[in-house]
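The residues of the chain are indexed from 1 along the displayed sequence.
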Amino acid sequence: MANPACLVIGWNPAYQKVLSFTELQKGGVNRATSLHKDVGGKGQQVAKALHFYRESTPIFLAQFLGGQTGEWIQQFLSTLGFQQLTVHVTSETRTCTTLLAKGMFFSFFCFFSFHLWFGVFDFSFFFCNVDLLDETTEIIDPSDPVTPEEVEKMEQLISEHIEKVSAIIISGTYPPGVPASGYASVVLKKKEGTFVLLDGYKGVDETLATGKVDVLKINAHELKALTLTETIQDGANALFSKYTLPWVAITDGKDSAALLGNDGSYFRYSIPVLENVVNPIGAGDTVSAVMTAHVMEGMPIHEAFRHGLAAASASCLELTGAKFSLENLHALLSQIEGKEVK
């Protein structure tokens with residue numbers, strides 16, 4: 001019997017460069033001590049994390065790629081062995097540059113796009129609590145628009161494969177040119193019983209309104225922006241009252257996360273202190289991948305989320321985004337306690 005397959009929607013990919021510095025000086029000349037090339041984009045990070053964690057799980061990664069950076073991403077991902085549902089576009093795939101430099105902080109946001117103090121744009125973060133870490137600065141190229149013809153090709157590709165999967169992970173934003181109904185059209189095509197996790201808060205109303213999303217996984221700031229509420233409980237209740245949505249998974253601050261159900265279930269999780277953080281990119285996407293992997297295997301969702309949080313913490317200890325060792329995962333898992341709030 002074949003293993004259950006997963007469809008990952010990664011419509012906003014990136015060529016990722018990670019530059020390391022001993023220090024960064026604004027307005028000065030900064031010479032990097034090392035350069036690491038990788039694949040970026042939230043969906044691509046999800047697919048990588050899921051492959052590293054469950055190599056036997058068939059993965060279909062839907063993506064738009066173009067230009068030399070797109071070719072590099074295609075070739076890199078082909079070495080991992082999962083199937084890419086790629087629509088080749090006329091525009092060049094964007095580049096994202098991560099700048100790492102030593103700095104003393106006690107907590108930080110692990111996320112894919114802009115730092116919060118640069119403005120609230122497209123971002124998804126996972127909080128890590130640390131003693132000494134690398135400052136992380138992200139420089140994000142804008143995404144060029146895709147054409148209606150390219151969008152139509154993507155819809156056709158997904159239609160050809162969606163009946164084969166048991167889970168769908170929709171991660172991040174979509175590029176200009178994709179209609180607001182793009183994600184909704186995906187989940188409306190799914191077969192009955194297919195698990196759907198949505199990691200996004202911009203332009204997701206039509207998708208949530210389908211009633212086909214099982215878990216909305218975002219952070220507390222995104223929840224506040226989406227629902228115009230002040231607390232996690234109020235935000236979740238606002239979502240439950242507006243949509244047919246079973247679960248909301250929230251990362252919230254340097255030492256906690258929460259999972260809330262529309263049946264009144266409420267779980268709180270502690271996040272362990274990390275030392276020697278290397279690269280936080282892809283941590284939030286690792287939560288989505290590992291959580292979904294365990295849900296596909298039948299694990300209760302509150303435990304699946306706990307495993308996802310542990311994997312995300314472990315991924316912060318690696319240079320390659322969304323990659324982690326099982327040894328670190330299990331060590332951190334023992335430090336994460338999930339308590340049900342009555």
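Side chain of Thr231 to main chain of Asp234: a donor-acceptor pair is present (N/O by atom type, distance under 3.5 Å, no hydrogens or angles). A donor-acceptor contact shorter than 3.5 Å is absent between the side chain of Asn262 and the backbone of Phe240.
Between Phe305 and Tyr269, the ring planes lie perpendicular to each other; the angle is over 60°, past the 30° to 60° tilted range.
Using modelled atom types, one finds no donor on one side chain facing an acceptor on the other under 3.5 Å when comparing Thr69 with Arg94. Side-chain contact annotation: Asn219 with Thr251, donor-acceptor N/O pair under 3.5 Å absent. A donor-acceptor contact closer than 3.5 angstrom is absent between the side chains of Glu92 and Gln68. At a cut-off of 3.5 Å, with distance as the only test, a side-chain donor of Thr98 or Gln16 sits close to an acceptor on the other residue.
Counting all heavy atoms, side chain and backbone alike, Ala62 lies closest to Leu7 at CB-CD1, 4.5 Å. Of all heavy-atom pairs between Thr93 and Pro13, the closest is CG2-O, 3.7 Å. Listed here is the closest heavy atom pair of Thr33 and Phe21: OG1-N, 4.1 Å.
Taking the side chain to side chain donor-acceptor pair (under 3.5 Å) definition, one finds that Glu155 meets it with nothing, sequence neighbours left out. For Ser181, there are no side chain to side chain donor-acceptor pair (under 3.5 Å) partners two or more places apart in sequence or in a different chain. For Ser78, the side chain to side chain donor-acceptor pair (under 3.5 Å) criterion is met by no residue, not counting sequence neighbours. Under the rule for a side chain to side chain donor-acceptor pair (under 3.5 Å), the partners of Asn328 that lie at least two apart in sequence or sit in another chain are Ser325.
Listed by first then second residue, pairs satisfying ring-ring contact (aromatic ring centres under 6.0 Å, His included) with a partner in residues 315-342 read Tyr53-Phe324, not counting sequence neighbours. Residue pairs meeting the ring-ring contact (aromatic ring centres under 6.0 Å, His included) criterion with at least one member in residues 141-174, sequence neighbours excluded: Phe60-His161, Tyr174-Tyr183.
Ion pair Glu303/Arg306 flagged as a salt bridge, since at least one NZ, NE, NH1 or NH2 atom sits closer than 4.0 Å to an Asp/Glu carboxylate oxygen. Asp199 and Lys42 are joined by a salt bridge, as a carboxylate oxygen and a charged side-chain nitrogen come within less than 4.0 angstrom of each other. The existence of a salt bridge linking Lys17 and Asp38 is excluded, since no basic side-chain nitrogen approaches an acidic carboxylate oxygen closer than 4.0 Å.
Note that CG of Asn237 is 7.5 Å distant from CG of Leu260, once rounded to the nearest 0.5 Å. A distance of 11.0 Å separates OG1 of Thr137 from CG of Leu19, quoted to the nearest 0.5 Å. Between the OH atom in Tyr201 and the NE2 atom in His221 there is a gap of 10.5 Å [rounded to 0.5 Å].
The side chain to side chain contact (heavy atoms under 4.5 Å, CB included) test with Val151 singles out one residue from Val89, Val87, Val146, and that residue is Val146.
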Original post:
Could you walk me through whether Lys48 and Asp285 pass the salt bridge (Lys or Arg N to Asp or Glu O under 4.0 Å) check?
Top reply: CA-CA 9 Å; Lys48 286 165 53 185; Asp285 307 317; over 6 Å; no
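Looking at Leu259 and Val248, their side chains never come closer than 4.5 Å, going by heavy atoms from C-beta outward. Looking only at side-chain heavy atoms (C-beta outward), Leu99 and Ile139 come within less than 4.5 Å of each other. Side-chain atoms of Lys212 and Lys189, non-hydrogen and from C-beta on, never get closer than 4.5 Å to each other. Ile169 is not listed as a side-chain neighbour of Ile9, based on a closest heavy-atom distance of 4.5 Å or more.
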